[in-house]
2 protein chains.
Amino acid sequence: MAEQSLEEREARVAEAMEAFSERLQEAGLKSTKQRDVIVERFFWLDKHISADELLEDVREHQPRIGYATVYRTLKLLVEQGFALPKDFGDGQTRYDPIHNQDPQHDHLICVDCRKIIEFNDDGLNERIQAIAEKMQYQVRRKKIELYAECQIPACPNHPDQSA
Amino acid sequence: MAEQSLEEREARVAEAMEAFSERLQEAGLKSTKQRDVIVERFFWLDKHISADELLEDVREHQPRIGYATVYRTLKLLVEQGFALPKDFGDGQTRYDPIHNQDPQHDHLICVDCRKIIEFNDDGLNERIQAIAEKMQYQVRRKKIELYAECQIPACPNHPDQSA
DNA sequence: ATGAATGCAAAGCGTTTGCATCTGG
DNA sequence: CCAGATGCAAACGCTTTGCATTCAT
């Protein structure tokens, strides 16, 4: 969401790619051109992306990539802890890149324009811990989605806001 | 979740059925034997049920019911505000009956035994309101799921707990 | 060279829909 | 009567899989 310089973005992607490569080697898996492109674009785009959207983007760099490969790579990313599958109720699974520094944010989805806004609230997280503890549970991960409408007359979050 | 006497359950179902019938009439829709059975079983079972599970149950009462009818009825229930579709990541949509008295609860899902526990925490709700307000949004509905593991050595929430 | 990854197309799965038939109001 | 509901099967959209080929190590 926050604006990000090209350098920052490149640094972030490079870091993520490095971590990913390491993990691949650890797991005895191979690094291929397709896999690398998919993962790199996934980290570069850095948004809740669907397999479909990712494939479309990746094909600009590697036209002959098939969707099976995208799905397989996405699954791999999830298994290796680099992505989290999300379902926002629009019929397709979206994948959320996990940055080490922002391990677990929540979402507010505008019911008017479907824009997805990320947020993080410490008070909320504390309360959740407390709730789980009271029930004798320890939270592993959470999924918090607020479906809300904008209160400003003309919803400011229209998709045509240059991304 | 809470134990419920047969009378209570019957009363609850009757009330829900009445409300549903009213809504049907208001909307100029018809009450049919199939529809009634599906809706009644849905309210009676009163859990996060999948179309599949509901169909199986309903067929004990009306064997010739097709799954299209179940899906259509579930959709109707959602449209009319009697059910909320939920996705817990197991590949199929589950439907959560809405009781007037418990309009919007949240869920804790045991990662060990997949048991789904409902809860409701006012402090949590208040905080959520505040978060949305700060962002200039008004929450329409929320989806909060805590995936957590039980801290008691032998997870007490095993599916074989008589339902 | 050898096990893993790819690309394609086919299959799979949950869900929706077209259509002829039936039914409630 | 006639709009709406049903049941069946076919269609659907997203995702997964089988298999022959290619590629990284």
Side-chain angles (χ1 to χ4, degrees), chain A residues 17 20-42 48-80 83-95, chain B residues 17 20-42 48-59 61-80 83-96:
Chain A
M17 288 300 292
F20 177 70
S21 300
E22 248 174 71
R23 198 67 66 91
L24 274 190
Q25 283 191 263
E26 283 170 21
L29 300 173
K30 289 175 181 170
S31 158
T32 69
K33 191 160 292 183
Q34 295 90 326
R35 197 169 265 180
D36 290 349
V37 176
I38 293 169
V39 172
E40 186 171 357
R41 292 306 301 168
F42 176 70
H48 319 88
I49 202 168
S50 66
D52 221 42
E53 293 164 354
L54 185 54
L55 175 62
E56 193 183 358
D57 180 278
V58 164
R59 276 200 168 141
E60 293 174 18
H61 304 258
Q62 287 275 121
R64 308 201 41 66
I65 268 179
Y67 45 94
T69 304
V70 171
Y71 276 110
R72 286 191 272 234
T73 305
L74 248 9
K75 186 187 235 178
L76 175 66
L77 284 165
V78 171
E79 286 166 358
Q80 300 300 327
L84 227 41
K86 298 266 172 186
D87 184 304
F88 295 117
D90 60 351
Q92 52 191 30
T93 306
R94 293 176 173 281
Y95 295 83
Chain B
M17 289 301 292
F20 177 70
S21 299
E22 248 174 70
R23 197 68 66 89
L24 274 189
Q25 281 190 263
E26 282 169 23
L29 299 173
K30 289 175 182 170
S31 158
T32 69
K33 191 161 292 184
Q34 294 91 325
R35 196 168 265 180
D36 289 348
V37 175
I38 294 169
V39 173
E40 185 172 357
R41 291 308 298 169
F42 177 69
H48 319 88
I49 203 167
S50 67
D52 220 42
E53 293 165 353
L54 184 53
L55 175 60
E56 193 183 358
D57 180 280
V58 164
R59 276 200 169 142
H61 303 257
Q62 286 275 120
R64 309 200 43 66
I65 270 179
Y67 46 95
T69 304
V70 171
Y71 277 109
R72 287 191 272 235
T73 305
L74 248 10
K75 186 186 236 178
L76 175 66
L77 283 165
V78 171
E79 287 166 358
Q80 300 299 328
L84 227 42
K86 298 267 170 184
D87 184 305
F88 295 117
D90 60 351
Q92 51 190 31
T93 306
R94 293 177 173 278
Y95 295 83
D96 202 359

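To find a chain, count down the sequence lines: A is the first, B the second, and so on, and within it residues start at 1.
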If I take atom CG in residue A:Asp87 and atom C1' in nucleotide C:dG14, what distance separates them, rounded to the nearest angstrom? 13 Å
Taking atom CD of A:Gln92 as the centre, report whether more than 12 heavy atoms of other residues, nucleotides or ligands fall under 6.0 Å from it. yes
Nucleotide D:dG7, atom P - distance to CD1 of B:Ile38 in whole Å: 8 Å
Whole Å only: how far is the CG atom of A:Leu77 from the P atom of D:dT15? 15 Å
Of the candidate nucleotides C:dC8, D:dG7, D:dC14, which contains the atom at the shortest distance from the side chain of B:Arg64? D:dG7
Could you tell me the separation between the CG atom of B:Leu54 and the P atom of C:dT15, rounded to a whole number of Å? 12 Å
Below 4.0 Å: OP1/OP2 of D:dT15 and any side-chain N or O of A:Thr93: yes
Within a reach of under 6.0 Å around CD of A:Gln25, are more than 12 heavy atoms found that belong to other residues, nucleotides or ligands? no
Counting only heavy atoms not in B:Glu56, do more than 12 sit closer than 6.0 Å to its CD atom? no
Check whether any side-chain nitrogen or oxygen of A:Gln34 sits under 4.0 Å from OP1 or OP2 of C:dG7, and answer yes or no. yes
Can you list everything that forms a side-chain contact (heavy atoms from CB on, under 4.5 Å) with B:Asp96? Sequence neighbours excluded, please. B:His48, B:Leu84, B:Lys86, B:His105, B:His107, B:Glu118
Flag the pair B:Thr69 / B:Arg35 as yes when at least one side-chain heavy-atom distance between them is below 4.5 Å, and no otherwise. no
B:Glu26 CD - D:dG4 P separation (whole Å): 16 Å
Sequence-aligned protein contact record of nucleotides 16-25 of chain D, with B where the base is within under 4.0 Å of a protein heavy atom and S where only the sugar-phosphate is: BBB-----BS
What is the distance, rounded to the nearest whole Å, between atom CD of A:Glu53 and atom P of D:dT15? 11 Å
In whole angstrom, what separates B:Arg35's CZ from C:dC22's C1'? 14 Å
By nearest nucleotide on DNA chain C, pick out whichever of B:Ala51 and A:Thr69 is the more 5' one. A:Thr69
Check this for me: does any side-chain nitrogen of one of A:Arg94 and A:Glu53 sit under 4.0 Å from a carboxylate oxygen of the other? yes
Report the residues that fulfil side-chain contact (heavy atoms from CB on, under 4.5 Å) with B:Arg59, sequence neighbours left out, ordered by chain and then residue number. B:Leu55
B:Leu76 CG to C:dT16 P, in whole Å, measures 13 Å
